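Here the structure is laid out as structure tokens; the discussion comes afterwards.
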Amino acid sequence: MLFFCFFDIITACFLNEEVMAKQELDALQSLETLRHSASHIMAQAILRLYPGSKLGIGPAIKDGFYYDIDASKPVTEEDLPRIEEEMQKIVNADFPFSREEISKDKAIALFQKMGQPFKVELLKDIDADKVNIYKQGEFEDLCRGPHIPSTKLLKAFKLLSVSGAYWRGNEKNAMLTRIYGTAFDNPKSLREYLTMLEEAKKRDHRKLGKELDLFSFHEEGPGLPFWKPKGLMLKSLLIEFMREQHVQRGYVEIETPTMLRDILWKKSGHWDNYRENMFFTEKDEENYAIKPMNCPGGLLVYQEEMHSYKEMPLKIAEFGKVHRFERSGVLQGLFRVRGFTQDDAHIFATPETLQKSVIEVIELVDFIYKAFGFEYSVELSTRPEKSMGSEEQWEIATKGLRNALDFLKIDYQINEGDGAFYGPKIDFHLKDAIGRTHQCGTIQLDMNFPERFDLNYIGEDGKEHRVIMLHRAIYGSIERFTGILIEHFAGKFPLWLSPVQVSILPVSDKFNDYALEIEKLLKKEKIRINSDFSSEKLGYKIRKAQMEKTPYMLIVGEKEVEAKTVSIRHREKGDGGNLKCEQFIAQILEENKNRS
RNA sequence: GCCACUUUAGCUCAAUUGGUAGAGCAGCUGAUUUGUAAUCAGCAGGUUAAGGGUUCAAGUCCCUUAGGUGGCUCCA
């Protein structure tokens, strides 16, 4: 079908048969090609409007494309419409994309002459004799291709934002201007994508956090969230949910100090490897570090006594508040903060109990994520270049994780060389209501700490053995997870998570007493309620409760007082008729219990 | 940290080319006693993020600081 018209002609001829075979993949590929061509067209437009600009790279990315440019004049978001107009002219001109293969030396000379130093630098790094030059109209660019046959095929595009980006991502290099855009093969898809972006903006947890009065930030503490009553309720409920699971699954819980002397951090290796990200404080000539992780403190607890293989796996949880110095530019709402609570746990295992322990954690992750309606994907990361331990240790450790995944028949992707320096790990990426993914849960096998802290247990043979240690977090950062939940539910939390579950709305203050009676009954059942005794009309009270996204509204007036009932209004289903108060309580308790 | 943008009442936003800072909502007071998404009236609310400069005159132009937003290899 339409697929190959998006390929550059030569490639298309080559791939013709295969293309037919793998339509889906090729649809993706054609979109990628289209976007890549869009980035070339944008570069052409920019060179027209900003002559003398130097081009970096301009790839297609997941949802669009970008081009990095050292612009001759600063480019701001206000300039984007003009650039779009110029791009449209290029599209209308129907320039064919043509490919030419030339020698690398010739290409270097060509781009030198064109005054494109970044391209020259790229060329010098290319390990081939021949390179491709793509041309459309007066514009030519070094490019692997493929491209669409003609500029006219770019039917739906939009430039989105301008930002800074270091040349080749290195802070020591020049800062270029990166212009982001997106393109689709039809206007409808583009519209849908832009609508999705709008939708994402509406459910931005920073916006909803303010509107729903959940949390705040202050200049006095950049990256340090303040939890307000309703937000803290959310956070506490998440912790409570996890604690219930801990009890079910044989965890114990501890709490270790927020700050500990530097000697600990020197021993743990944080002093050498993580100091840049830590906060420090000093008193009586002693240096203290505010903990960026809970593990070293937890290890001191482990070390307090002898451990037997009989207690393994030993599962020690800690909802620890950690602080990390994140660079000011990377802070982002609750997603990236400097102080956060982890649902941390350390599991100490023997080689015999390792696999079982991993399986248990994976099952817990599955249970928790499903409770929120998240789908998720799993990644296994293996030994990186710079790492500690023997090949054999890594082999056993990685196999332990892999066997657990295989045992549970879980699909996972392998990230070769992406593990931590101290061990392999399994990461969980959850998918939210509008298709975005977030990395949250992690299981990391640690071969470093048991060595450094000489952590042992007494085996069946009466001898000391090195213990195996797992770090695990399921929410990850509770702050971040809360942010994700806010966006996932767009602020409409399920009943069990709603800070206010029921609003009681008397039709007029004549019925306040009856409302108070109902309130009492609900409070007894620990239902979180909020009554509106203001002298406003019912419509106003409903609107207010509705905007606060309260799941249930109970309207009480003359009819209800007489019949001893409540009129139920659900935030989405609307008027739900009248029920006896006890009936409503039974219903809501059931819903609450099921976390549905 | 770096690049660009940004910061006006508690919140959302106005304020011609530089010429006395406004509105809605929220708050408070009063009236109203209300039936499924906003009752009416009045009051109060600001060193325009902070500091400096240019100017007869700065919310508006320039500089510094702080906060926020979008980004900072998804590798021709």
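Convention: sequence-line order gives letters A, B, ...; per-chain numbering from 1. Only a predicted model underlies this, so the values are computations on that prediction, with no experimental measurement involved.
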N or O in side chain of A:Tyr540 less than 4.0 angstrom from B:rC40 OP1/OP2: no
Polar side-chain contact A:Ser535-B:rU33 base: donor and acceptor under 3.5 Å: no
On a whole-Å scale, what distance lies between the P atoms belonging to B:rA9 and B:rG45? 14 Å
Measure from the side-chain N and O atoms of A:Gln112 to the backbone N and O of A:Val120, and report whether any donor-acceptor pair falls under 3.5 Å. no
Taking only the side-chain heavy atoms of A:Ile555 (C-beta and beyond), determine which of B:rU39, B:rG35, B:rA37 contains the nearest atom. B:rG35
Output the rounded distance in Å from CE (A:Met553) to P (B:rG35). 17 Å
Return whichever of A:Glu220 or A:Leu176 has its heavy-atom-nearest nucleotide of RNA chain B closer to the 5' end. A:Leu176
If the test is side-chain contact (heavy atoms from CB on, under 4.5 Å), which one of A:Ile568, A:Asp575, A:Ile542 qualifies with A:Met553? A:Ile542
Length of the OH-P vector between A:Tyr166 and B:rC75, whole Å: 20 Å
Which nucleotide, if any, forms a Watson-Crick or G-U wobble pair with B:rC2, using both distances under 3.5 Å? B:rG71
Could you tell me whether the side chain of A:Gln332 has a donor or acceptor atom within less than 3.5 Å of a complementary atom in the base of B:rG71? no
Whole-Å distance separating the CG atom of A:Asn578 from the C1' atom of B:rG35: 11 Å
Side chains of A:Glu519 and A:Ser531: is there a donor and an acceptor less than 3.5 Å apart? yes
Pair partner, B:rG18 [Watson-Crick or wobble, under 3.5 Å]: none
With the side chain defined as heavy atoms from C-beta on, A:Arg569 is closest, among B:rC2, B:rC5, B:rU36, to B:rU36
Taking atom P in both B:rG27 and B:rG10, what distance in whole Å separates the two? 15 Å
B:rG59 and B:rC2: how far apart are their C1' atoms, nearest whole angstrom? 29 Å
Return no unless some side-chain N or O of A:Lys210 is found under 4.0 Å from OP1 or OP2 of B:rU12. yes
Watson-Crick or G-U counterpart of B:rA58, or none if no pair lies under 3.5 Å: none
Between atom CZ in A:Phe217 and atom C1' in B:rC11, what is the gap in whole Å? 18 Å
Taken to the nearest whole Å, CG/A:Leu80 to P/B:rA4 is 15 Å
Would you mind reading off the distance between A:Glu219 atom CD and B:rU7 atom P, rounded to a whole angstrom? 15 Å
Rounded P spacing from B:rA23 to B:rA15 in Å: 15 Å
Go ahead and name the base partner of B:rU29; Watson-Crick or wobble counts if both distances stay under 3.5 Å, otherwise write none. B:rA41
Please name the nucleotide paired to B:rG24 by Watson-Crick or G-U wobble geometry with both distances under 3.5 Å, or report none. B:rC11
Would you mind reading off the distance between A:Glu140 atom CD and B:rA76 atom C1', rounded to a whole angstrom? 14 Å
Rounded distance in Å between the P positions of B:rC56 and B:rG51: 23 Å
Minimum-distance nucleotide to A:Ser567 side chain [options: B:rG71, B:rG35, B:rA37]: B:rG35
Of all the nucleotides listed (B:rC72, B:rC75, B:rU33), which has the minimum atom distance to the side chain of A:Lys510? B:rU33
Toward the 5' end of RNA chain B, which comes first, A:Gly333 or A:Glu558, by nearest nucleotide? A:Glu558
Considering only side-chain heavy atoms of A:Ile542, which listed nucleotide, B:rG67, B:rC72, B:rU36, is closest? B:rU36
State whether the number of non-hydrogen atoms from other residues, nucleotides or ligands found under 6.0 Å of A:Lys104 atom NZ is greater than 12. yes
C1' spacing across the pair B:rG18 / B:rU55, given as an integer number of angstrom: 9 Å
Between A:Phe95 and A:Phe139, is the gap from one ring center to the other below 6.0 Å? no
P atom, B:rG68 versus B:rC74: distance in rounded Å? 24 Å
Just by distance, no angles: are the side chains of A:His429 and A:Ser377 close enough, under 3.5 Å, to form a donor-acceptor pair? no
Options B:rU34, B:rG35, B:rU73, nucleotide nearest the side-chain atoms of A:Arg178: B:rU73
With a 4.0 Å cut-off on heavy atoms, is A:Gln546 in touch with a base, just the backbone sugar-phosphate, or nothing at all? base
Atom NE2 of A:His147 to atom C1' of B:rA76: distance rounded to whole Å? 9 Å
Taking B:rA37, B:rU34, B:rA76 as options, the one with an atom nearest any side-chain atom of A:Ile57 is B:rA76
Side-chain N or O of A:Arg206 versus OP1/OP2 of B:rG70: is the shortest distance under 4.0 Å? yes
Just to be sure I understand the rule, does A:Glu78 reach a base, reach only the sugar-phosphate, or reach nothing, if contact means heavy atoms closer than 4.0 Å? nothing
Looking only at atom P, what distance separates B:rC13 and B:rU20, rounded to whole Å? 25 Å
Should A:Asp432 and A:Arg203 count as an ion pair when the cut-off is N to O under 4.0 Å? no
Do A:Gln44 and A:Glu86 get their side chains close enough for a donor-acceptor pair, meaning under 3.5 Å? no
Measure from the side-chain heavy atoms of A:Ile61 and tell me the nearest of B:rC72, B:rA76, B:rC74. B:rC74
Considering every strand and a 4.0 Å limit on heavy-atom distances, what is the contact class for A:Glu121: base, sugar-phosphate, or nothing? nothing
Could you tell me whether A:Gly539 contacts a base, only the sugar-phosphate backbone, or nothing, with contacts defined as non-hydrogen atoms closer than 4.0 Å? sugar-phosphate
